[in-house]
Asks: 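Structure incoming, see below.
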Protein chains: 2
Amino acid sequence: MPESEASRSGRATMDDVAKLAGVSKSTVSRIIGRNVGAIQISPRTVEKVWEAARQLDYQPNAAARALGRQRTDTIAVVVPSGSPGHHERRFSNLKISEALSGIDRATSTRGYNVILQITAGDPFDDPRHRQVWASGAVDGILWCWEPLRDVEQLPLPVVAVNAVAASAGRGEIGVVNTDDHPGSTLALQHLARLGHTRVAHIAGPADNWNATERRRAYDDFCAAAGWEPVVESGDGFEDTGISAIGRLLSRDDPPTAVFVGGDRMAIGVLAEARSRGVRVPDDLAVIGADGMDFIRFATPRLTTVAMMMYEAARDAANMLMDLIEDRTAEPQQRFASTQLIVLDSCGFRRTYPEHPEETVARNPEELDLLHKRAAEAHERG
Amino acid sequence: MPESEASRSGRATMDDVAKLAGVSKSTVSRIIGRNVGAIQISPRTVEKVWEAARQLDYQPNAAARALGRQRTDTIAVVVPSGSPGHHERRFSNLKISEALSGIDRATSTRGYNVILQITAGDPFDDPRHRQVWASGAVDGILWCWEPLRDVEQLPLPVVAVNAVAASAGRGEIGVVNTDDHPGSTLALQHLARLGHTRVAHIAGPADNWNATERRRAYDDFCAAAGWEPVVESGDGFEDTGISAIGRLLSRDDPPTAVFVGGDRMAIGVLAEARSRGVRVPDDLAVIGADGMDFIRFATPRLTTVAMMMYEAARDAANMLMDLIEDRTAEPQQRFASTQLIVLDSCGFRRTYPEHPEETVARNPEELDLLHKRAAEAHERG
DNA sequence: CTGAAAGCGCTTACAG
DNA sequence: CTGAAAGCGCTTACAG
């Protein structure tokens, strides 16, 4: 073994590998780093170099590589932290875990690392985040849930996930949003199929992409179906679900069903209905939106429109890496799919008790099929 | 402005700043980078340099800085991904979000970045993770939930959070675990106070630190209180909670209370009790462990021992940064606190209806006080 | 208090 | 197919 093997840091360097293999640093770089000019190298040399690298347990230094290539194979992922109050220590949006899994799936497949940037408030207000973006520490930014302000000024490719609609498509940035409008329509069709005509809506915060799309779908559906729109507003959390359903149930003509623009508010609705002696789904059908894990822990289990954040985030990450690797690629605007998860809070299974435990419908056709099959089974049984 | 301002990457470099300020690169480095020898610099020079940096919107290059300092101010955070089956797309342990928040709190305060490494299975099996550890891309590793195998061989400081007990304290690594034993004892004392003597336990997986500590606490408490220990086992998820409570309720002498070693299993217990017509808390008191967000969405709201993962993870991150900044510092073994969250599934509030909505007890003294005050209020009312 | 110079460990035109 | 050399943009002893 060459004497210089263990350099100051205790780890082998590319020079050590070159000496042991009897070749130049350039050659080692071409082989190990899969770098420029690596196409034509004699098999013998390749062999020798890998053998030397193995012997020395060589690992290329990330900083030196980044400095030489002007690339880090790392992206920044900006996600919101918890909201104020007693939630401050948790992610406010439980779908973030799902998004992170999707991002990890995409990045780990393509050999990228992820720097996690959790932000309370405006990400631009955090000098440390700006430093990461401007220091060359990352090759691109995945911008999750945050409003899009100024992102297009950044000297890096940016792709946004579930960003506020108003700003989408302004600059040269990609956007992947969940498709809440058609998803919500599916939910409303489900209620219509079950015979409801007095359906209210509890809307989430107006500055949120998902919430506004859900409300828009409700308004559109009412107009098309000839329903009278009845909307109460909430902030996305349990308490406002409780107060909103309270107001709805106190009306002279209380709704027979409610489409709640968020699963956490729907949990509040279930609790308040229970404490008022209103039976769900018998007296009131409740359908949520989000697709949080805990819908299956609610009583009754909550039927909901699930946003496929895993897919959305995975696709967004892939788009970002495409932009990084090919600067001529066009940023795109895409939508991730949604699906209706049919559980117990709308009475579908009461009508069709033979139906399997949990079923999903991803589009009007599947919903159609679902209701047809259930009806057939009902007649047979 | 100097002609070289916009170097190839379009961004100002340290050289540009030096020229504009009329000083040497060394000086700029000492001032901007807060580097060696920065103590004695004339105020005028400092002023000039910052002004030039501001004018050029200068941001030091991260890779170059890392290469020069042999430090990245970045840590790797290793967390488990979802388990197999339909949970594969989510973090299996919802406490991970809480841990990430705690880590972010500590690292962002001290100017560190976080590289997120989500792993399915053994982190050592992922060559990309090993590469991050060995390439100098990070200064240390925060090892969350994973078994500790081989971590001490890594050439970096490592701190583990809620790692399996067996391996803890072997090498030169720090460990911060949640203090499940005393926490669980608190839960059992709560049940004892409420008059229960036939208390069963549903244990989580034996290869999990939290689960084994909870079971140990149960065994110890039974021995001390003279209770007959009755243990059923589960895997931590809802289904096994359902089957375990089924077996317990089918006994000739069914328990009047059950300490469930995990909130998700406890949800299964609540569901199964309901479907069997067993009223909670009247016929059966149920107490969970973990402190998941969704305990407040359950019916009845689940009383539980919450593990303070935010604190645990924050402390662990701080310990790791201490080790990085002072290689002579000793890795330590610490515990993060737990607290009993008293909600509705044990009947405490049925006995003492005047009591506030949600209360916590962090230690035996507080639990004592809780019960005493509740009793007094009860007598007065 | 400040500067010139070597060094960190790679990558990549440019020759050959 | 391979090597010598310049360059990436910082940091830091070493002089002065």
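Note on naming: letters A, B, ... go to the chains in the order of the sequence lines (proteins, then strands), and numbering restarts at 1 for each one.
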Asks: Nearest whole angstrom, please: distance from the P of C:dT11 to the CZ of A:Arg65.
Replies: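 My rounded result for the distance is 5 Å.
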Asks: Should B:Glu98 and B:Lys95 count as an ion pair when the cut-off is N to O under 4.0 Å?
Replies: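 Looking at B:Glu98 and B:Lys95, the cut-off is met.
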Asks: Would you kindly give the NZ-to-P distance between B:Lys19 and C:dT2, to the nearest whole Å?
Replies: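 So the NZ-P distance, B:Lys19 to C:dT2, works out to 19 Å.
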Asks: Please work out if A:Thr27 contacts a base, only the sugar-phosphate, or nothing of the nucleic acid, heavy-atom cut-off 4.0 Å.
Replies: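 Here A:Thr27 touches the backbone only, sparing every base.
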Asks: If you only use heavy atoms from C-beta on, which nucleotide in D:dG3, C:dG9, D:dT2 is closest to the side chain of A:Thr13?
Replies: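 Per side-chain heavy atoms of A:Thr13, the pick is C:dG9.
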Asks: Expressed in angstrom and rounded to an integer, what is the separation of B:Arg69 atom CZ from C:dG9 atom P?
Replies: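 After rounding, the gap between these two atoms is 15 Å.
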Asks: Just the rounded figure in Å: distance from C1' of D:dT2 to NZ of A:Lys48.
Replies: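 Distance check: A:Lys48 NZ to D:dT2 C1' gives 10 Å.
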Asks: Any strand counts, and the cut-off is 3.5 Å on both contacts for Watson-Crick or G-U wobble. Which nucleotide pairs with C:dA4?
Replies: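 Its partner is none (no Watson-Crick or G-U wobble pair with both distances under 3.5 Å).
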Asks: Touch check for B:Ser42, heavy atoms < 4.0 angstrom, all strands: base, sugar-phosphate only, or nothing?
Replies: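 Sugar-phosphate only.
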Asks: Measure CE/B:Met14 against C1'/C:dG3 and give the value in whole Å, please.
Replies: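 Spelled out: CE on B:Met14 to C1' on C:dG3 is 14 Å.
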Asks: Should the pair A:Arg110-A:Asp322 be classified as a salt bridge under the 4.0 Å nitrogen-to-oxygen rule?
Replies: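 Salt bridge flag = yes for A:Asp322 with A:Arg110.
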Asks: Between A:Pro43 and B:Lys25, just flag the one whose closest nucleotide in DNA chain D comes earlier from the 5' side.
Replies: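 First, find each residue's nearest nucleotide; the 5'-ward one identifies A:Pro43.
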Asks: Taking the six-membered ring for Trp, are B:Phe124 and B:Trp133 ring centroids under 6.0 Å apart?
Replies: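 So the answer is yes for these two rings.
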Asks: It should be established whether A:Ser26 places a side-chain nitrogen or oxygen under 4.0 Å from OP1 or OP2 of nucleotide D:dA4.
Replies: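 Checking D:dA4 against A:Ser26, no side-chain N or O comes under 4.0 Å of OP1 or OP2.
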Asks: Considering only heavy atoms from C-beta outward, does the side chain of A:Ile103 approach that of A:Leu142 to under 4.5 Å?
Replies: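 Contact flag for A:Ile103/A:Leu142 side chains = yes.
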Asks: Between A:Val46 and B:Gly68, name the one whose nearest nucleotide on DNA chain D is closer to the 5' end.
Replies: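 Residue closer to the 5' terminus by nearest nucleotide: A:Val46.
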Asks: Can you tell me if the side-chain N/O atoms of A:Gln70 get under 4.0 Å from OP1 or OP2 in C:dC10?
Replies: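 No, no such contact exists.
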Asks: Is the closest side-chain donor-acceptor distance between B:Arg11 and B:Asn61 under 3.5 Å?
Replies: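 No.
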Asks: May I have the distance from B:Arg71 (atom CZ) to C:dG9 (atom P), rounded to whole angstrom?
Replies: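 Atom-to-atom, B:Arg71 to C:dG9, this comes out as 16 Å.
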Asks: With no hydrogens and no angle check, do the side chains of B:Ser29 and B:Ser26 hold a donor and an acceptor under 3.5 Å apart?
Replies: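 Checked: B:Ser29/B:Ser26 side chains show no N/O donor-acceptor pair below 3.5 Å.
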Asks: Tell whether A:Arg11 reaches the base of C:dG9 with its side chain through a donor-acceptor pair below 3.5 angstrom.
Replies: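 By the distance-only test, no, there is no pair.
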Asks: Using a cut-off of less than 4.0 Å, is there contact between a side-chain N or O of A:Ser24 and OP1 or OP2 of D:dT2?
Replies: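 No, no such contact exists.
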Asks: Roughly how many Å is it from CG in B:Leu67 to P in D:dC8, rounded to a whole number?
Replies: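 Distance, rounded to whole Å: 14 Å.
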Asks: Does B:Thr45 have a side-chain nitrogen or oxygen under 4.0 Å from the phosphate oxygens OP1 or OP2 of C:dC1?
Replies: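 Result: no.
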Asks: Does D:dA13 have a Watson-Crick or wobble partner in any strand here, with both distances under 3.5 angstrom, and which is it?
Replies: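 Checking every strand shown, D:dA13 finds no partner, since no pair has both distances under 3.5 Å.
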Asks: How long is the line joining CD1 of B:Ile31 and C1' of D:dT11, in whole Å?
Replies: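 After rounding, the gap between these two atoms is 14 Å.
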Asks: Please state whether the phosphate of C:dC10, meaning OP1 or OP2, lies under 4.0 angstrom from any side-chain nitrogen or oxygen of A:Ser29.
Replies: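 A:Ser29 to C:dC10 OP1/OP2: no side-chain N or O under 4.0 Å.
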